[in-house]
Amino acid sequence: MRAHQSLEILAVAILYICVFVIVVGSALDSIAGLETLSMDATRGVERTWDLVSKPQGWILCLGYVPVHFAYLFVRARLAGESVDSYWD
């Protein structure tokens, strides 16, 4: 994997987290009444655990997997190559 591909994946992850926290997370909160993800309070590992230990945090983490693989598939197809050869 080349360096610019790693940066693309990082950009997709950051964009996904921003969209989730701003749009999807708040929609889930209003529909299902789940606990709101809070970015304030503690720092470091404790803050990370607080985020992923809530129901929305699990949806955030598990929801990234299909987004990541869909990005890999679409990116390879846009480059005109097979998925296996493009990401090796």
* Asked: Is it true that I17 and V65 fall in one hydrophobic cluster, defined by side-chain heavy atoms closer than 4.5 Å?
  ->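 Hydrophobic grouping puts I17 with V65.
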
* Asked: Can you hop from F69 to V12 via hydrophobic side chains spaced under 4.5 Å?
  ->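 As far as the 4.5 Å side-chain criterion goes, V12 and F69 are connected within one cluster.
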
* **Euclidean distance, E8 CD relative to L72 CG, rounded to 0.5 Å** =>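 Spacing of CG (L72) from CD (E8) equals 10.0 Å.
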
* With sequence neighbours excluded, tell me which residues meet ring pair (Phe, Tyr, Trp, His ring centres under 6.0 Å) with Y64. =>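 Listed in chain order: Y16, H68.
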
* Partner residues of L62 under the side chain to side chain contact (heavy atoms under 4.5 Å, CB included) criterion, sequence neighbours left out ->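 Not a single residue meets the side chain to side chain contact (heavy atoms under 4.5 Å, CB included) criterion with L62.
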
